[in-house]
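Here the structure comes first, spelled out in structure tokens, and everything after it is commentary.
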Protein chains: 2
Amino acid sequence: MEQILPHLDSVFSIDCVLFGFDGKELKILLIERNEEPFKDWWALPGNIVGADESLDQSAARILYELTGLRGIYMEQYYAFGDPGRHPQGRVITLAYYALIRLGGDKDLRPVSTYAKQANWLPITSLPKLAFDHQKIYDKGLEKIKRRIKHQPIAFELLPEKFTLTQLQHVYELVLGKKLDKRNFRKKIVSFGVLKELDEKQKGVSYRAATLYKFDKRKYAKLFGKEISF
Amino acid sequence: MEQILPHLDSVFSIDCVLFGFDGKELKILLIERNEEPFKDWWALPGNIVGADESLDQSAARILYELTGLRGIYMEQYYAFGDPGRHPQGRVITLAYYALIRLGGDKDLRPVSTYAKQANWLPITSLPKLAFDHQKIYDKGLEKIKRRIKHQPIAFELLPEKFTLTQLQHVYELVLGKKLDKRNFRKKIVSFGVLKELDEKQKGVSYRAATLYKFDKRKYAKLFGKEISF
DNA sequence: TTACTTAGTGTAGAAAATACACACTATATT
DNA sequence: AATATAGTGTGTATTTTCTACACTAAGTAA
């Protein structure tokens with residue numbers, strides 16, 4: 001019901017779990033707070049939703065301010081609003097995750113005002129997080145696991161051209177388990193959204209792998225179909 | 001980021017898509033508004049989140065006030081917050097769906113203050129809805145479709161004891177398609193969460209079907225496993 | 001007793017999932 | 001030039017799951 005519009009003392013924010021892949025590890029972007037509460041703790045980046053912003057815009061803005069990146073794949077996944085989750089009052093927060101390819105140079109321009117530093121930390125060794133951010137992160141990882149099994153979002157973590165081994169590696173890191181190489185290739189190729197290029201990997205000291213691209217057109221046609229790993 | 005706690009002119013509400021099954025049709029509970037905006041329109045039931053309530057509690061309260069029911073399966077599924085979604089100001093709303101068995105007697109005690117009436121309407125012929133509630137409903141149905149394919153939530157819509165035909169019927173209504181009887185039975189039984197009772201349906205004018213119960217223990221053990229229809 | 005209505009059951013063929021091992025190729029090293 | 005190294009790339013047989021499909025059994029009503 002929405003006909004009553006009182007002035008309430010609650011705050012609505014967005015927090016983001018920004019997943020990044022640098023070719024080796026899966027990481028998330030954390031900031032080290034320089035204000036109370038939780039001064040000197042690591043926290044997920046977040047902010048208050050602006051008055052004229054949609055929720056998605058707000059999430060995109062947070063990401064942009066922190067990294068300078070735009071057009072990144074982001075997805076809203078859950079709202080956290082326990083009365084006790086923020087020591088200084090009622091803050092309801094909406095969580096987004098994003099998938100980002102790291103390892104150009106542009107991936108992170110460190111951030112202003114409310115943080116000492118911002119850093120990509122591997123998900124295999126995360127510090128204690130401020131507020132209920134551990135819970136928010138856990139749920140984000142769970143959601144992304146489920147999503148990657150059914151839709152080809154793994155591409156968002158890779159450069160435009162990638163090898164099948166790199167793609168498999170992303171799946172393994174997100175799902176947290178090893179996959180069989182031959183079966184993986186069979187399945188991902190049969191899904192029909194990969195375009196094999198006439199181009200090979202460079203700068204490796206072993207047999208160079210064929211590069212592939214993700215074919216967005218073909219994917220759009222398939223919409224609704226699902227893979228599963 | 002959450003160290004700033006300004007007093008913002010935005011309102012945070014919860015709206016609920018309450019799915020009910022009466023043995024025949026899948027319905028949702030709508031209320032007819034008696035105040036502007038959207039006076040005389042049908043809308044999803046909802047309310048402002050109370051200061052000391054968790055989000056889940058708030059959703060449960062809305063449901064309780066409307067129907068007198070407690071302990072109902074509810075799930076948060078998406079936040080809607082476009083700046084223009086409410087004509088009188090910024091209202092961010094969090095959507096929940098619930099699954100309810102209808103057809104005892106207790107299912108609905110109609111509601112007070114802000115509504116002329118509340119009614120269970122079949123999803124096959126819904127009226128135009130107030131605000132962006134059509135969008136909220138659509139997304140809710142989509143979520144529930146996906147969920148029912150993977151987890152046995154269909155039980156929540158049925159009485160404690162039910163026949164396999166009833167169960168199949170629920171699946172067909174939610175998924176919006178016919179299922180093969182033999183294949184359905186094979187799969188649902190092999191999932192291993194049904195308990196066959198020594199009891200038959202009563203009061204039918206044809207061969208009585210065997211009754212089943214949902215075995216929550218077995219389900220807990222299987223957690224993580226998935227069916228798919 | 002008969003007619004009616006729904007319950008309940010099996011199988012064969014197709015498709016998908018899994019398990020599994022070796023030869024190829026590019027580079028680096030001696 | 002020969003060799004070591006490290007990752008690429010490929011096929012098949014087996015098992016499991018999915019799909020399509022039709023009749024008999026049981027109970028009730030007339």
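Labels below follow one simple rule: chain letters A, B, ... track the order of the sequence lines, proteins then strands, and each chain is numbered from 1. No experiment lies behind these values; they were computed from the predicted model shown.
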With the threshold set at 4.0 Å, does a side-chain nitrogen-carboxylate oxygen contact exist between A:Glu226 and B:Arg146? yes
Just how far is it from atom CD1 of A:Ile136 to atom CG of A:Leu129, taken to the nearest 0.5 Å? 9.5 Å
Is any NZ, NE, NH1 or NH2 atom of the basic residue among B:Glu65 and B:Arg61 found under 4.0 Å from an Asp or Glu carboxylate oxygen of the other? yes
Measure CG/B:Leu179 against P/D:dC21 and give the value in whole Å, please. 15 Å
Please report, rounded to the nearest Å, how far the C1' atom of C:dA17 is from the NZ atom of A:Lys177. 12 Å
Side chains of A:Phe229 and A:Ile188 in contact at under 4.5 Å (non-hydrogen atoms): yes
By the 4.0 Å heavy-atom rule, please label B:Lys187 as base, sugar-phosphate, or nothing. sugar-phosphate
Within the pair A:Arg185 and D:dG9, is there a side-chain N or O less than 4.0 Å away from OP1 or OP2? yes
Considering only side-chain heavy atoms of B:Lys181, which listed nucleotide, D:dA20, C:dG8, D:dG11, is closest? C:dG8
Quick note, ring-ring contact (aromatic ring centres under 6.0 Å, His included) partners involving residues 185-213 of chain B, not counting sequence neighbours, are none
With heavy atoms under 4.0 Å as the rule, sort A:Thr210 into base, sugar-phosphate or nothing. sugar-phosphate
Touch check for B:Thr165, heavy atoms < 4.0 angstrom, all strands: base, sugar-phosphate only, or nothing? sugar-phosphate
Using the 3.5 Å cut-off, write out each protein N or O paired with an N or O of nucleotides 1-6 of chain D and the distance between them.
none

Could you check whether the side chain of A:Lys186 and the base of D:dT12 have a donor-acceptor pair of N or O atoms closer than 3.5 Å, going by distance alone? yes
Nearest whole angstrom, please: distance from the C1' of D:dT17 to the CZ of B:Phe184. 17 Å
Rounded off to whole Å, could you give me the CD1-to-P distance for the A:Ile227 and C:dA17 pair? 11 Å
If you draw a 6.0 Å radius around NZ in B:Lys143, do more than 12 non-hydrogen atoms from other residues or ligands fall strictly inside? yes
Of A:Asp180 and A:Ala209, the one whose closest DNA chain D nucleotide lies more 5': A:Ala209
How many whole angstroms separate atom NZ of A:Lys202 from atom P of C:dA26? 14 Å
The residue, B:Leu164 or A:Ser228, whose nearest nucleotide of DNA chain C is more 5′ is B:Leu164
Provide, to the nearest angstrom, the distance between the CD atom belonging to A:Gln166 and the P atom belonging to D:dG9. 11 Å
Mind calculating the distance between CD1 (B:Ile188) and P (D:dC18) to the nearest angstrom? 12 Å
How close or far is atom P of D:dT14 from atom CG of A:Asn183, stated in whole angstroms? 16 Å
Is any NZ, NE, NH1 or NH2 atom of the basic residue among B:Asp215 and B:Lys195 found under 4.0 Å from an Asp or Glu carboxylate oxygen of the other? no
